[in-house]
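The sequence lines fix the lettering, A, B, ..., with proteins before strands; numbering per chain opens at 1.
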Protein chains: 2
Amino acid sequence: MEERVTIRELARRSGVSVGTVSRALNGYADVRPETRERIMRLASELDYTPAAAARSLVTQRSHVIGVFMETGEGHPDLQHPFFHEVLGGLKQRVGREGFDLLLFASERPGGGYGPHDYLKRARHHNVDGCALIGLDPDDDEVRRLVRGEIPCVAIDMQLEGPRTEVVMSDNEAGAAAAVRHLHELGHRRIATVTGMIDSRPGVDRLRGYRAAIQALGLAYRDEYVRYGDFYAESAREQTAQLLALDEPPTAIFAAADMMAIGAIRAAAEAGVRVPEQLSIVGFDDIQLAPHVNPPLTTLRQDKLGLGAAAGDALVARIAGDPDRPSLRTLPVELVVRGSTAAP
Amino acid sequence: MEERVTIRELARRSGVSVGTVSRALNGYADVRPETRERIMRLASELDYTPAAAARSLVTQRSHVIGVFMETGEGHPDLQHPFFHEVLGGLKQRVGREGFDLLLFASERPGGGYGPHDYLKRARHHNVDGCALIGLDPDDDEVRRLVRGEIPCVAIDMQLEGPRTEVVMSDNEAGAAAAVRHLHELGHRRIATVTGMIDSRPGVDRLRGYRAAIQALGLAYRDEYVRYGDFYAESAREQTAQLLALDEPPTAIFAAADMMAIGAIRAAAEAGVRVPEQLSIVGFDDIQLAPHVNPPLTTLRQDKLGLGAAAGDALVARIAGDPDRPSLRTLPVELVVRGSTAAP
DNA sequence: ACGGTTTCCGAAACCGTTTTTGGAGATGGA
DNA sequence: TCCATCTCCAAAAACGGTTTCGGAAACCGT
């Protein structure tokens, strides 16, 4: 076990003081070029690696972004492909600015606090900022966190705090675009199966559906809106019921691609062909969307863009940028493939 | 900006020394019960949060596991659903033991080192262990890392080091099971489209295919093995070529579900029906496997299990467990659904 | 030769913990 | 009563950096 090479060691070997070494390495002005050069060469020879802990202790900055993302059995979020991709976007963006990501996982942290004690965990690790993904916005602990002193960004959840920003897709506009697309194809009996209705994206997509139905002068029918939960199975069930109606819809707007896939499945089981007898449009444009049968017409969310926007928000707020919006919404794009056609 | 409450503050307020506070909070023996009680109450009243950095500085442990996972354009790994799920399993498992996950992202870390300087980054943050996911096992920096003093676990990549362990599915057995299944259904002309052939899982699955073909006494045909890259598009192309053969196969083993989906697509485009005219079996059992049309027969990898096994390996090695295997392989399970049938 | 600036660097305080060492007082045994 | 043993705690030394403060040389102009 060779000894760790510290800044003191560098000082000793190069015959200067530790303060000087620190200033040399960090590019301060007041150190003679040749001294700096000597120190830096020595550092790289000895493979000197600064200790983040020591630095963070004195500077009170960590260059780390904390990420809260539930993964329990009840919250299979890391399973949901959507969140990964935004995590990827976030990672890329903040990485470029020199930050790493701390994925909170510990269920019995040192301080002896509960699994939901977000603020405490964030403080414990001295993170410079936090990203909240797929949390319950009504959780008291979440509220405490965003009310605190740490810059936060919330993805797909409505939340407010003095230093927090929320980013999400323009779900309402997207949903409206979906039904307009269907309408243009000639559909008049357009149903929807919604996402979880206690989530912001869930209600916004429903709202967009309603608004568009109304704007197009179509009759709004209660039995045409069915409630799901963003996952395939719920859509499959609801679609089956829709198909069994006296006057079944000729098109369905599913609030997520996973649900669109469930809907296609239900259609197949009921012997109705997609898109000939039933058009289906999804939401998200997950990676598999082009590969399912038939390829999905859907609203593309810019997942990497969401992550990147979140990253932007964080680095800006960490840098102290005073005037930031409290909400940032990204456009979605209709991509039409094979799951929709004229009735 | 209220002041951070430190251990010194607790000491002052409760009239004891900082050492005593530390021992009280950490559950050491030599402190009178009533003193401990008083201190702990005070701590929770003041919402005391220990500073991880300070602790890590002196104990040389961080309770953090570093995760290296490439996410560049060329390495869309975070996009590949498979890796997420094992990440989820890892997170759960190590979380239970009190660890958090540090997802390395920084492209210009403080030490001034390159993006691939894995060992340096790990040391910089003083992680207790590292998980390597989807990296290039031939990368020199990766090799340096696993040769170092930090416990490592590699997922789906062949690697060796004094304190490193690799975990992966039993790809060879799985592939063999796939062709046996096809054989039992009555197929004799069985093709495969492989994964990236420079990856361990890629070659193992091909090896399993070959072994089974041979063991079953089937003729091995060169034109029946086509090379792909784990993604849908490659499988689609290769399958199209397979279907255009003079004597096309009646069944295909695709080395990944994404590829199976690509194959189904190609079949649809060629007007051949699955499974009536062509059976297809995938590998992975991704979340969408049951929802595609037809539902995929596939080899289920226990992704959460892989993550958990990786976590086990890390916590054991961190705890100093001396006798650990250098390779751990997990069984895969054949799950038959709708994409295979008798020819 | 001398006061005033610069330039470069050393000394030391500090960040918030853990852990070792040792000592005061209480307790026990003889 | 006296020495040995416990029990509980205080003091202080780490851990590895950053940053402030000030001073010694070197430089300048006069």
Side-chain angles (χ1 to χ4, degrees), chain A residues 1 3-40 42-43 46-64 109-112 120 123-126 128, chain B residues 1 3-40 42-43 46-64 109-112 120 123-126 128:
Chain A
M1 181 84 89
E3 287 310 310
R4 185 184 228 293
V5 26
T6 88
I7 205 175
R8 244 172 275 278
E9 173 82 1
L10 287 187
R12 205 175 51 72
R13 296 226 202 188
S14 61
V16 300
S17 76
V18 301
T20 303
V21 175
S22 174
R23 272 167 303 168
L25 261 23
N26 291 317
Y28 276 72
D30 53 350
V31 43
R32 186 157 28 132
E34 74 185 48
T35 310
R36 178 196 308 281
E37 177 58 28
R38 183 160 41 95
I39 295 180
M40 299 199 65
L42 189 64
L46 298 189
D47 196 32
Y48 166 70
T49 307
R55 179 177 299 177
S56 149
L57 190 55
V58 40
T59 62
Q60 299 293 17
R61 300 205 40 194
S62 57
H63 277 272
V64 166
K120 206 157 195 172
R123 284 185 176 153
H124 179 229
H125 280 97
N126 218 298
D128 293 343
Chain B
M1 182 84 89
E3 289 308 311
R4 184 184 229 293
V5 26
T6 92
I7 206 174
R8 237 175 284 279
E9 174 80 2
L10 288 186
R12 205 174 53 70
R13 295 225 202 188
S14 61
V16 300
S17 76
V18 301
T20 303
V21 175
S22 175
R23 272 167 302 162
L25 261 23
N26 291 316
Y28 276 72
D30 53 350
V31 43
R32 187 161 23 139
E34 75 184 48
T35 310
R36 177 195 309 280
E37 176 59 28
R38 183 160 41 95
I39 294 179
M40 299 198 65
L42 189 64
L46 298 190
D47 196 33
Y48 166 70
T49 306
R55 180 177 298 176
S56 149
L57 191 55
V58 38
T59 61
Q60 299 293 19
R61 300 204 40 194
S62 58
H63 276 272
V64 166
K120 206 156 196 173
R123 283 185 176 152
H124 179 230
H125 280 97
N126 218 299
D128 293 343

Quiz item: Is the backbone of A/Ser62 close enough, under 3.5 Å, to the side chain of A/Asn126 for a donor and an acceptor to pair up by distance?
Solution: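 Pair absent, no side-chain N/O of A/Asn126 close to backbone of A/Ser62.
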Practice problem: Using atom types as modelled and distance alone, determine if a side-chain donor or acceptor of B/Thr59 lies under 3.5 Å from a backbone N or O of B/Arg55. | Solution: yes
Quiz item: Among all residues two or more places apart in sequence or in another chain, which pass the salt bridge (charged side-chain N to carboxylate O under 4.0 Å, His left out) test with A/Arg38?
Solution: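 Checked A/Arg38 against salt bridge (charged side-chain N to carboxylate O under 4.0 Å, His left out); zero matches.
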Self-check item: Pair listing, salt bridge (Lys or Arg N to Asp or Glu O under 4.0 Å) test, anchored in residues 17-30 of chain A, at least two apart
Solution: A/Arg23-A/Asp30
Rounded distance in Å - [atom1] ([X]) to [atom2] ([N]):
{"X": "B/Glu9", "N": "C/dC15", "atom1": "CD", "atom2": "P", "value": "13 Å"}
{"X": "A/His125", "N": "C/dG16", "atom1": "NE2", "atom2": "P", "value": "17 Å"}
{"X": "A/Glu34", "N": "C/dT7", "atom1": "CD", "atom2": "P", "value": "16 Å"}
{"X": "B/His63", "N": "C/dT18", "atom1": "NE2", "atom2": "P", "value": "11 Å"}

Practice problem: Give one of base, sugar-phosphate or nothing for B/Ser56, where a contact means two heavy atoms less than 4.0 Å apart. | Solution: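 Result for B/Ser56 = nothing.
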Exercise. Enumerate, in order of first residue number, the stems that involve DNA chain D, defined as 3 or more consecutive Watson-Crick or G-U wobble pairs with both distances under 3.5 Å.
Key: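 Output for stems: C:1-30 with D:1-30.
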Self-check item: Contact letters for nucleotides 12-22 of chain D, in which S counts primed atoms plus P, OP1 and OP2 and B counts the base, heavy atoms under 4.0 Å
Solution: ---BBBBB---
Practice problem: Return the set of residues passing side chain to side chain donor-acceptor pair (under 3.5 Å) with B/Arg8 (not counting sequence neighbours), or none when no residue passes. | Solution: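 So B/Arg8 forms no side chain to side chain donor-acceptor pair (under 3.5 Å) with any residue.
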Quiz prompt | side chain to side chain donor-acceptor pair (under 3.5 Å) against A/Ser17, all qualifying residues, sequence neighbours excluded | solution = A/Thr20
Quiz item: Considering residues at least two apart in sequence or located in another chain, which fulfil the side chain to side chain contact (heavy atoms under 4.5 Å, CB included) criterion with B/Ser22?
Solution: B/Ile7, B/Asn26
Practice problem: For A/Arg12, check side chain to side chain contact (heavy atoms under 4.5 Å, CB included) against everything at least two apart and list the hits. | Solution: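 Here the qualifying residues are A/Glu9.
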Quiz item: Is any side-chain nitrogen or oxygen of B/Arg32 closer than 4.0 Å to OP1 or OP2 of D/dT7?
Solution: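 Checking B/Arg32 against D/dT7: no side-chain N or O falls below 4.0 Å of OP1 or OP2.
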Self-check item: Phosphate-side-chain proximity, B/Thr35 and D/dC9, N/O vs OP1/OP2 below 4.0 Å
Solution: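 Checking D/dC9 against B/Thr35, a side-chain N or O does come within under 4.0 Å of OP1 or OP2.
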